[in-house]
Protein chains: 2
Amino acid sequence: MLSEDLIVDTSLRLIELHGAEGLSMRRLGAALGADATAVYRYFANKHQLLLALADELIGRTFAGFEPTGQWQRDLRTLAGLIHGVNLAHPRAAAVVTARVTGRPHELAAVETIIGILRGAGFTPAQAVRHYHCFISLVLAFSALDSAMCSGDKAELAAETATWREVYRELPAGQYPNIAEGADLLVAQMRHSPFEATVELFLSALAARLD
Amino acid sequence: MLSEDLIVDTSLRLIELHGAEGLSMRRLGAALGADATAVYRYFANKHQLLLALADELIGRTFAGFEPTGQWQRDLRTLAGLIHGVNLAHPRAAAVVTARVTGRPHELAAVETIIGILRGAGFTPAQAVRHYHCFISLVLAFSALDSAMCSGDKAELAAETATWREVYRELPAGQYPNIAEGADLLVAQMRHSPFEATVELFLSALAARLD
DNA sequence: CACTTGGGTCAACGGTGTTGACATAAGCTC
DNA sequence: GAGCTTATGTCAACACCGTTGACCCAAGTG
């Protein structure tokens with residue numbers, strides 16, 4: 001017997017295993033030991049399935065989180081958790097990102113984050129505004145970085161090779177600013193600017209608090 | 001006779017016309033009045049074509065831009081330009097976002113932005129770091145927002161309806177923070193937090209400059 | 001017993017990106 | 001000009017994809 005939970009778990013395992021694009025209904029059916037179309041008894045279409053995956057991921061993200069009362073630290077932790085979970089499930093991340101699920105785990109997440117901002121001293125209006133910026137920032141970067149990592153290793157290596165070869169050999173006359181920091185640039189582009197951007201964001205919020 | 005330029009232009013027109021997912025090789029071929037596979041004489045695969053689209057978009061974005069010397073204003077303008085162009089071409093945006101093209105227009109863009117930061121007084125290392133954060137922020141939000149707008153109108157309306165119905169009717173006992181700002185939340189979620197986040201980002205940069 | 005209903009299977013439709021063989025026209029060398 | 005190479009477009013096919021509708025059978029219910 002299949003079930004929503006079983007399908008969701010199997011889907012997440014498949015994504016983790018076969019990478020971003022590895023989740024197809026046929027593969028899912030095979031992994032479940034059933035026909036591909038059996039899944040349609042539980043989810044109207046693939047989009048609904050992805051929404052369920054998204055909510056499950058949100059739930060897992062917030063499962064091990066307890067607010068400490070220090071709002072900057074809490075938001076930093078949450079940002080890292082969300083980013084991390086989404087990176088582990090790139091394909092589902094694309095959906096968490098773009099659409100609102102309206103499911104229970106999502107509600108709990110919204111409640112938690114706005115609560116942290118209210119506790120920090122922001123007004124309800126500020127808290128809502130900053131919540132929107134915060135969650136969009138984190139999700140947008142998650143989607144960006146998981147798209148970055150979803151390709152094969154070979155593809156990724158070719159990518160950084162492009163950076164190295166193209167950017168390091170540019171004529172300093174035409175591109176003085178690039179030439180000046182070419183080594184820094186190549187080194188910088190290898191890892192995500194996520195943490196740095198979150199720090200900038202948090203410092204901007206803190207400045208708005210006084 | 002086909003040509004790279006003709007293919008790129010037609011592709012962009014197709015995307016603008018048929019929406020995000022509207023660009024398939026067969027449709028492209030039809031729009032060109034040729035067989036779908038003829039495109040493969042000019043681009044090794046669809047990914048390469050999308051990279052070319054991306055570079056073309058970058059070029060168009062920077063075409064009408066002249067730095068004023070006021071770095072905050074310039075970055076704000078650029079952010080808006082990039083965001084706007086990407087919103088108009090949702091599918092291509094996803095690619096501009098994730099991958100480095102290494103093509104001429106991209107190089108010019110990198111040079112311009114780092115130049116602005118250097119002119120603002122940042123060190124080469126700072127300029128490179130902040131460039132990376134800035135461009136990632138802008139591209140990540142562009143991808144997010146264009147994914148948001150790419151669905152049908154009906155789908156989008158259903159989305160906001162979800163927000164309205166679900167979030168406004170929540171029990172205040174379980175979700176006090178959401179209940180407190182439910183109206184604000186529903187109103188807020190309708191438009192992108194892009195401008196607000198860019199402002200926060202720029203203010204954080206300015207604070208780092210002293 | 002008859003009958004509905006939930007849940008799994010099967011074949012099929014129209015779509016996708018991509019490949020390899022084939023045809024034809026252009027341009028170059030002898 | 002003849003012959004050959006190279007560029008360019010066409011065609012059929014492959015292996016996928018999400019989704020639908022018909023079918024079938026076991027379980028539960030009147």
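Residue numbers start from 1 in every chain, and the chains themselves are labelled A, B, ... in the order their sequence lines are given, proteins ahead of strands.
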Non-neighbouring partners of His132(B) that pass ring-ring contact (aromatic ring centres under 6.0 Å, His included), sequence neighbours left out
none
Between [N] ([atom2]) and [X] ([atom1]): distance, integer Å:
X        : N       : atom1 : atom2 : result
Arg41(A) : dG21(D) : CZ    : P     : 12 Å
Met1(B)  : dT8(D)  : CE    : P     : 5 Å
Asp35(A) : dG21(D) : CG    : C1'   : 13 Å

Answer with base, sugar-phosphate or nothing: what part of the nucleic acid does Tyr42(B) contact at a heavy-atom distance below 4.0 Å?
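Sugar-phosphate only.
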Considering every strand and a 4.0 Å limit on heavy-atom distances, what is the contact class for Ala38(A): base, sugar-phosphate, or nothing?
base
For [X], salt bridge (Lys or Arg N to Asp or Glu O under 4.0 Å) partners two or more places apart:
X         : answer
Arg76(B)  : Glu199(B)
Glu111(A) : none
Arg129(B) : none
Glu195(A) : none

Which residue lies more 5' along DNA chain D, comparing Leu2(B) with Ala44(A) via nearest heavy atoms:
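Here Leu2(B) is the residue nearer the 5' end.
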Mind listing the N/O atom pairs, protein and nucleotides 15-18 of chain D, below 3.5 Å?
unit_1: dC17(D); atom_1: OP1; unit_2: Ser24(A); atom_2: OG; d: 2.7
unit_1: dG18(D); atom_1: OP1; unit_2: Lys46(A); atom_2: NZ; d: 2.4
unit_1: dG18(D); atom_1: OP2; unit_2: Met25(A); atom_2: N; d: 2.8
unit_1: dG18(D); atom_1: N7; unit_2: Arg26(A); atom_2: NH1; d: 2.6
unit_1: dG18(D); atom_1: O6; unit_2: Arg26(A); atom_2: NH2; d: 2.7

For chain A, the stretch of DNA chain C it reaches, first to last nucleotide, under 4.0 Å of its heavy atoms
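Contact boundaries, 5' end first: dG7(C) to dA12(C).
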Suppose we screen for side-chain contact (heavy atoms from CB on, under 4.5 Å). Which residues come up paired with [X], at least two apart in sequence or across chains?
X         : answer
Arg41(B)  : none
Ala30(B)  : none
Ala125(A) : Thr123(A), Leu184(B)

Find the bend of the helix from dC1(C)-dG30(D) to dC30(C)-dG1(D) as the angle between its two terminal axes (five pairs each), to the nearest 10°.
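Both end axes considered, the difference amounts to 10°.
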Less than 4.5 Å apart, side chain to side chain, heavy atoms only: is that true for Leu87(B) and Ser142(B)?
no
List the atom pairs, with distances to 0.1 Å, where a side-chain N or O of residues 2-13 of chain B and a protein N or O form a donor-acceptor pair under 3.5 Å, not counting sequence neighbours.
unit_1: Ser3(B); atom_1: OG; unit_2: Leu6(B); atom_2: N; d: 3.1
unit_1: Thr10(B); atom_1: OG1; unit_2: Leu6(B); atom_2: O; d: 2.7
unit_1: Ser11(B); atom_1: OG; unit_2: Ile7(B); atom_2: O; d: 2.7

What pair of heavy atoms forms the shortest contact from Phe122(A) to Ala127(A), and how long is it?
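Taking every non-hydrogen atom into account, CB-N, 4.1 Å.
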